[in-house]
Amino acid sequence: MLHLHDTATGAVRPFEPRTEGEVSMYVCGPTVDNLPHIGHGRFNLTYDVLRRYLLFNGLRVDYVSNVTDIDDKIIARANAENRSTADVVEQYERAWFEAMDGLGVLRPTHAPHATGYVQDMVALVADLVGRGVAYETSDGVYLNVEQVDGYGLLARQNLDSLRSGARVESTEEKRSPLDFALWKKAKPGEPTWDSPWGPGRPGWHTECVVMALDLLGDAFDLHGGGIDLIFPHHENERAQAVAQGRDFSRYWVHNGWVTVDGTKMSKSLDNFTTLPDFLAHHDARAYRLLVLRARYRSPIEVTPDTVVDAEKGLERLDTLARRFGMEDLLAQTSGGYVVEGDPPATGMEPDALNAFRWHMDNDLDTPGALAGIFDLVSAAHSDADAGDGKEGHLLAHTAAVLSAALGLPLRGQASAIDAESARLVSARDEARRAKDFVRADALRDELVAMGWTVEDTLSGTAIRR
RNA sequence: GGCGGCGUGGCCGAGUGGUUUAGGCAGGGGCCUGCAAAGCCCCGUACCCCGGUUCGAAUCCGGGCGCCGCCUCCA
């Protein structure tokens, strides 16, 4: 059974969904004010793998991830570039999904926009005001966190210590420095919506509560995001639900981030590599492999060296797929790369499957799961080298299915070969048959110069790019 | 200041007290090959420091040292 680390309890707990056979998960989505970077990639890959593993186990998954399309930074960019916020949103939302598609991240089942939920957010804020836990000031409406039971649960701190560490300056009107804006009254040059408190726009922490509860219902299963969202974002989401007397997320899952020279990669530090840039130069699967080699809660260092390392590891997997002719499996999984239900029944090596599950059930121990897959790679080659093609094929197939279950489909197809290259290949085979190795080597050099990797196989020269 | 996390072999990176071992990459040796490539086999004997618990600790406890993060927008 799957066990997950839950930030609210600080412990790894058995994951028991609200409804048997069905999982409802909410993953904080992007603010579409800029291109996504590889940290966003890591974060989405984390929850994509969780989702795929749930699917692999035959569960249905309702996966909601929002798009924050109204925010200070969007407004700032629009004003700076003399465009509408809608224009900015359109551009970066498209870039976001293109990048996620490129990474093989499955699309959310729902991707609600904040601007589509403003009326509901106004209703939530009004309800909180009516309950006396929120109050109006000259610049907005704030939630009084001191009236919320268990505020600080996710931060694992009590109110006093949170208050003493607060770096945000308190205004005269705020009752506590920790109180946060549910509604921001309009300033000049901003998009606005009507509300009982005049024109304005919702605060950031409100949208996720409203959309999660609307689309997934009370006490939905799981809420995911980066560690840096724990406080204040997730704490404040929870606070709003609690203040309404509603049950919010049953499990809180948080991923570690991407570091550069040991320091967090973030928009504010401007030390990021964008995903479009990364994907233009690397196989997306190499990044997924790089991410999966560390546990999701650990930081990962992304450097040219670690990327090359992952690319070589991926090559080892693809080599297996080529040797054992895995085109069929690729075809099965390429349309989203999902392995669903209980595929293991069909021709999987049982011990390897059990080991895979054991690792994944342990709070998504993907490094352990991968180690098992790499063991299968060695064993499959070894069996095939020893002449046991049948056993080798079973192991290779198992490795490929498990890899695909992680969203990492192996590429077994031969590269498309142009007529000229094909001519050189057959000329080389002819020369080798004639034991004219000088000519054979010259032809090999020629192919290599054309960008091919040349290998000899039982059936003659094989080339690939 | 409060809270959280981390320090593992050349590099990345697992490790849920104890049998043989994470795994990947790089490196060395061998097999295979006309030579290569790919593949296979063998090789490193690592756990920041100091104590403690234990028959036994990388793993648990205490104390150091160092690093990172959250407490402000941030995946």
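We name chains A, B, ... by the order of the sequence lines, and we start the count at 1 in each one.
- Counting any heavy atom pair closer than 4.0 Å across all strands shown, A/Gly256 reaches a base atom.
- Nearest nucleotide to the A/Asp309 side chain, out of B/C73, B/G24, B/G13: B/G24.
- A distance-only check finds no donor-acceptor pair linking the side chain of A/Asp436 to the backbone of A/Arg432 [under 3.5 Å].
- Rounded to an integer number of Å, the gap from CG of A/Leu178 to P of B/G2 is 17 Å.
- For A/Glu455, the listed nucleotide lying nearest its side chain is B/A38; candidates were B/A38, B/A75, B/A14.
- For the pair A/Asp62 (side chain) and A/Ser24 (backbone), a donor-acceptor distance under 3.5 Å is absent.
- Side chain of A/Asn44 to main chain of A/His40: a donor-acceptor pair is present (N/O by atom type, distance under 3.5 Å, no hydrogens or angles).
- Of the residues in residues 150-158 of chain A, those with a non-hydrogen atom less than 4.0 angstrom from any atom of RNA chain B are A/Ala155, A/Arg156, A/Gln157.
- A distance of about 40 Å separates the P atoms of B/G2 and B/U19, rounded to the whole Å.
- Residue A/Lys312 is classed as a sugar-phosphate contact, given heavy-atom separations below 4.0 Å to backbone atoms only.
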Quick tally for nucleotides 39-47 of chain B: nucleotides whose base has a protein heavy atom under 4.0 Å get B, sugar-phosphate-only ones S, the rest -, giving SS-------
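- Geometric assessment of A/Arg175 against the ring of A/Tyr135 yields a positive cation-pi assignment under the 6.0 Å and 45° thresholds.
- Between A/His234 and A/His254, the angle of the ring planes lies from 30° to 60°, which puts this pair in the tilted group.
- As rounded to the nearest Å, B/A22 and B/G44 have P atoms that lie 10 Å from one another.
- In this entry the distance linking CG of A/Asp228 with P of B/C68 reads 17 Å, nearest Å.
- Separation of the C1' atoms belonging to B/C43 and B/U21 is 14 Å when rounded to the nearest angstrom.
- Counting any heavy atom pair closer than 4.0 Å across all strands shown, A/Thr46 reaches no nucleic acid atom.
- Side-chain atoms of A/Arg42 come within 3.5 Å of backbone N or O of A/Gly256 as a donor-acceptor pair.
- The distance between atom CE of A/Met360 and atom P of B/G15, rounded to the nearest whole Å, is 13 Å.
- Comparing A/Asn255 and A/Asn362 against RNA chain B, the residue whose closest nucleotide sits nearer the 5' end is A/Asn362.
- Rounded to whole Å, atom C1' of B/U8 lies 16 Å from atom CZ of A/Arg295.
- A/Glu235 places a side-chain N or O within 3.5 Å of a backbone atom of A/Gly152 that can act as its donor or acceptor partner.
- For B/A14, there is no paired nucleotide, since no Watson-Crick or G-U wobble pair has both relevant distances below 3.5 Å.
- Counting heavy atoms from C-beta outward, A/Leu54 and A/Met25 have side chains that approach closer than 4.5 Å.
- Separation of the P atoms belonging to B/G52 and B/A58 is 15 Å when rounded to the nearest angstrom.
- Toward the 5' end of RNA chain B, the nearer of the two residues A/Arg163 and A/Asp33, judged by each one's closest nucleotide, is A/Arg163.
- In this structure, A/His254 reaches neither bases nor backbone, as no heavy-atom distance under 4.0 Å exists between it and the strands shown.
- A/Asp69 contributes no side-chain N or O that, together with a main-chain N or O of A/His113, makes up a donor-acceptor pair within less than 3.5 Å.
- Separation of the C1' atoms belonging to B/C49 and B/C40 is 42 Å when rounded to the nearest angstrom.
- Taking atom C1' in both B/G51 and B/A14, one finds a spacing of 28 Å when rounded to whole Å.
- Base pairing analysis places B/G69 opposite B/C3; the two distances defining the Watson-Crick or G-U wobble pair are each below 3.5 Å.
- Across all strands shown, B/U33 forms no Watson-Crick or G-U wobble pair with both distances under 3.5 Å.
- Base pairing annotation: B/C60 forms a Watson-Crick or G-U wobble pair with B/G52, both donor-acceptor distances under 3.5 Å.
- Between A/Met1 and A/His3 the shortest heavy-atom distance is O-ND1, 2.8 Å.
- In this structure, A/Tyr296 and A/Val291 have side chains that are not in contact, with every pair of non-hydrogen atoms separated by 4.5 Å or more.
- For the pair A/Arg238 and A/Phe248, the cation-pi criterion (under 6.0 Å, within 45° of the ring axis) is not fulfilled.
- Comparing the C1' positions of B/G17 and B/A26 gives an interatomic distance of 32 Å, to the nearest angstrom.
- Remark: C1' of B/U72 and CG of A/Asp179 are 15 Å apart, rounded to the nearest angstrom.
- Counting non-hydrogen atoms under 4.0 angstrom, A/Ile230 reaches nothing in the nucleic acid.
- With hydrogens and angles disregarded, no donor-acceptor distance shorter than 3.5 Å links the side chain of A/Glu190 to the backbone of A/Gly200.
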Contact letters for nucleotides 29-35 of chain B, in which S counts primed atoms plus P, OP1 and OP2 and B counts the base, heavy atoms under 4.0 Å:
-----BB
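- Looking at heavy-atom distances under 4.0 Å, A/Gly39 makes contact with a base.
- Closest approach to the A/Pro367 side chain among B/C73, B/A14, B/A75 is made by B/A14 (side chain taken as heavy atoms from C-beta onward).
- The closest donor-acceptor contact from the side chain of A/Asp6 to the backbone of A/Trp252 lies under 3.5 Å.
- Checking the phosphate oxygens (OP1, OP2) of B/G13, no side-chain nitrogen or oxygen of A/Thr306 falls inside 4.0 Å.
- Across every strand in view, B/U19 sits unpaired, with no contact that passes the Watson-Crick or G-U test at under 3.5 angstrom.
- At the heavy-atom level, A/Thr259 lies nowhere under 4.0 Å from the strands shown.
- Using a 5.5 Å limit on the distance between ring centres and a 30° limit on the angle between planes, the aromatic ring of A/Trp358 counts as stacked on the six-membered base ring of B/U16.
- Side-chain atoms of A/Arg250 come within 3.5 Å of backbone N or O of A/Glu16 as a donor-acceptor pair.
- Residue A/Val12 is out of contact with every strand shown, counting any heavy-atom pair closer than 4.0 Å.
- Look at the C1' atom in both B/G24 and B/U8: the space between them is 15 Å, to the nearest Å.
- Taking atom CZ of A/Arg322 as the reference point, atom P of B/A38 lies 10 Å away to the nearest angstrom.
- We find that CZ of A/Arg42 is positioned 12 Å from C1' of B/G13, with the value rounded to whole Å.
- For the pair A/Arg77 CZ and B/C73 C1', the computed distance is 15 Å after rounding to whole Å.
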